[in-house]
Amino acid sequence: MPHDPDPPPAKRFKPGSPFFRLDKKPGMLLPRVGHAPVSVDAQRRQLPIYPSRTQVINQLRQLHNAVFIGETGSGKTTQIPQYLYEAGIGRQGVIAITQPRRVAAISLAGRVAEEKRVQLGKLVGYTVRFEDVTSSETKLKFMTDGMLLREAIGDPLLLRYTVVILDEAHERTVHTDVLFGVVKAAQRKRTEQNKIPLKVFVMSATMDVDLFSQYFNKSPVLYLEGRQHPIQIYYTKQPQSDYLQAALVSIFQIHQEAPPSHDILVFMTGQEEIEALARTCRDISKHLPETCAPMTVVPLYASLPPTQQLRVFQPAPKGSRKVILSTNIAETSITISGIKYVIDTGMVKAKRYNPESGLEVLAVLAVQRVSKAQAWQRAGRAGREDAGSCYRLYTEDEFDNLANMTVPEIQRCNLASVVLQLLALGVPDVLNFDFMSKPSPESMRTAVDQLSILGAVERKDDQVLLTPMGKKMACFPLEPRFSKTLLISPEFCCTEEVLTIISLLSVDSVLYNPPARRDDVLAARKKFISSEGDHMTLLNIYRAFRKVSGNKEWCRENFVNSRNMGLVLEVRSQLRDICIKLNMKLESSLSDLANVRRCLAHGLFMNAAELHLDGSYVALDTHQTVSIHPSSVLFQAKPAYVVFNELLHTSRCYMRDLCLVDADWLHEAAPEYFRRKLRATKS
DNA sequence: GAGCACTGC
């Protein structure tokens, strides 16, 4: 590559329009203020929003709905809740500020508590799963949107709250989208019932403004200026057939021309290509002429151990340039300072969904083009402290042809959980729920069908009604099929085992598989392997882990991820508490694992497969040919019937996490369902 | 005989 006489970026790339802060828009435009912050108070006063404080407060007092459009650094998330409180708005109750991510909720609460000079958990607190740092004094409550949704099941009118602020609404997570409808209905009903009114404010980046405003009763849109610095956008002159090669070339061109203190952030699609490019960059940088600065290459993706993730925040050694190769984790979840250049490959790995059934029948991760919104989000990472540049490895025409928005998650996921939750919230007509972006009727119907097969709902005329079983299922923070499995476990006297297995399946794998130590891993794992399948193997590992009281050394020796195992314990204890609240009998089947498998068969029968004469497996639900994933302990076995956790569509269609079952168990679990399946096969 | 974007209750 270094021998390749490529033209410098200025020739290779074509400048596009610079990405400035928002142009003047109707509504409120707040002036920019320079920054030289000292104290917390001074910092607050220097935020761009501060001069308009009185104006903002007056608006907030009058409005029941508003949409705030603010750039990063405008201070909207930390300041507006405080303004509300300081002005006495909504003080009769609690002001909730929702976030899509846990870390954001926790750190924002910390920041606001510091600004208010109060102890976290008093006036200012936060609630996320496994952690509730609030008290009766808490008036400003930061929480994950999923947490507010769960609270809504017990209190659909959200009566504890006088204000709900839905932050980061442009991310359109499933939880935020469901919340939109829930808070809108709560607001309407509270007015109808002459209860204390609920104010709902939506905060978003520039996207989707009209959609939000329309949805919330044509609410006014307030624009807040931020501290985004101008970013020069560059496009390639020609389409690039190999975006990895293009990224490599661009990295070294910038490297050879820009001062070494300017860091580069490259957006890529996944671990494998990141690690490969990291190796290439390190190799090349070793052989560059001495006039060229050294390069520190830092990979960044979610599955990287936390200690290695922290490396992106460390400055590179003096005189060396930091080049971060990242997945879209750096788009939203992780903010790195000092980025002067962004290189955007324009690609992302995302779950592809079937638009016909509107359902992710199969998990297919595929590399695809980003949306314009994502491309702007990526570019914005170059202008956080100073002006920057973004090199897009695609042409301006290609950019123009990108989809405007990423399709909201609610339109590309299985809706069984969502529908169950809505029914538990008492939504009368789920199929016509007031979604901001409606999922396809097919995917809603499929969800209702699945819930009906699990016995969670009944159809009466045109209505979908929650059964007593469904009502209990909604109490668990689990996929419906798992809550069902757990709820029937007392019939098989194995609730303790099922609790363990479901907790193990709810977190990232507890199995640590460093490729370099493959033989050691196999040797260590051998003692846990159960011929009854992966679930039972995981159960054996958990039991051994408990026997040594979670000893870290034991985890290392046995290639068990102790952090994820810690999460398993937390999930398990939460699920166990819910079982106790529901008066479930907590029994252990001890050595009789057949009962446990029978219970899994009764809960996971929709994911069953049958061995055919030619040695292949056929999924009973869809009749497609499937295979046992090589990571399964049953890979070399050929059991006649299995249930599995998920299908993974890669080179073939693989079943992952298998459990050996009897055919009889499947039929006794859902006789009607299998009769129908049989008829479908014959016709 | 394979391969894992990212959240969250």
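Naming convention: chains lettered A, B, ... in sequence-line order (proteins, then strands); numbering from 1 in each chain.
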- Message: Please enumerate all residues that pass ring pair (Phe, Tyr, Trp, His ring centres under 6.0 Å) together with His175(A), with sequence neighbours excluded.
- Response: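 Testing His175(A) for ring pair (Phe, Tyr, Trp, His ring centres under 6.0 Å), a comparison that skips the adjacent residues, returns none.
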For residues 501-512 of chain A, run the donor-acceptor check on the side chains, cut-off 3.5 Å, and write out each pair with its distance to 0.1 Å, sequence neighbours left out.
from      : atom 1 : to        : atom 2 : distance (Å)
Ser503(A) : OG     : Leu499(A) : O      : 2.6
Ser506(A) : OG     : Ile502(A) : O      : 2.5
Ser509(A) : OG     : Leu511(A) : N      : 3.0

- Task: Measure the distance from CG on Leu647(A) to P on dA2(B) and round it to the nearest whole Å.
- Result: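 So the two atoms are 16 Å apart, to the nearest Å.
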- Message: Can you measure Arg652(A) atom CZ to dG1(B) atom C1' for me and round it to whole angstrom units?
- Response: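 That distance rounds to 9 Å.
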- Under 4.0 Å between a side-chain N/O of Ser651(A) and OP1 or OP2 of dG3(B), yes or no?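 Indeed, a polar side-chain atom of Ser651(A) lies that close.
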- Query: When every nucleotide of nucleotides 4-9 of chain B is labelled 5' to 3' by its protein contacts under 4.0 Å (heavy atoms), B for base, S for sugar-phosphate only, - for none, what sequence of letters results?
  - Reply: BBSSSB
Would you be so kind as to tabulate the donor-acceptor pairs closer than 3.5 Å made by side chains of residues 301-310 of chain A, with sequence neighbours excluded?
from      : atom 1 : to        : atom 2 : distance (Å)
Tyr301(A) : OH     : Glu275(A) : OE2    : 2.4
Ser303(A) : OG     : Gln271(A) : OE1    : 3.3
Gln309(A) : NE2    : Tyr301(A) : O      : 3.2
Gln309(A) : NE2    : Ala302(A) : O      : 3.1
Gln309(A) : NE2    : Leu304(A) : O      : 3.4

- Message: The criterion is salt bridge (Lys or Arg N to Asp or Glu O under 4.0 Å); which residues satisfy it with Arg369(A), sequence neighbours excluded?
- Response: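 Once residues adjacent in sequence are excluded, the partners of Arg369(A) under the salt bridge (Lys or Arg N to Asp or Glu O under 4.0 Å) criterion are Glu398(A).
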- Message: Run the side chain to side chain contact (heavy atoms under 4.5 Å, CB included) test against Val133(A) and tell me which residues pass, sequence neighbours left out.
- Response: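 Counting only residues at least two positions away or on another chain, Val133(A) forms a side chain to side chain contact (heavy atoms under 4.5 Å, CB included) with Leu120(A), Tyr126(A), Glu131(A).
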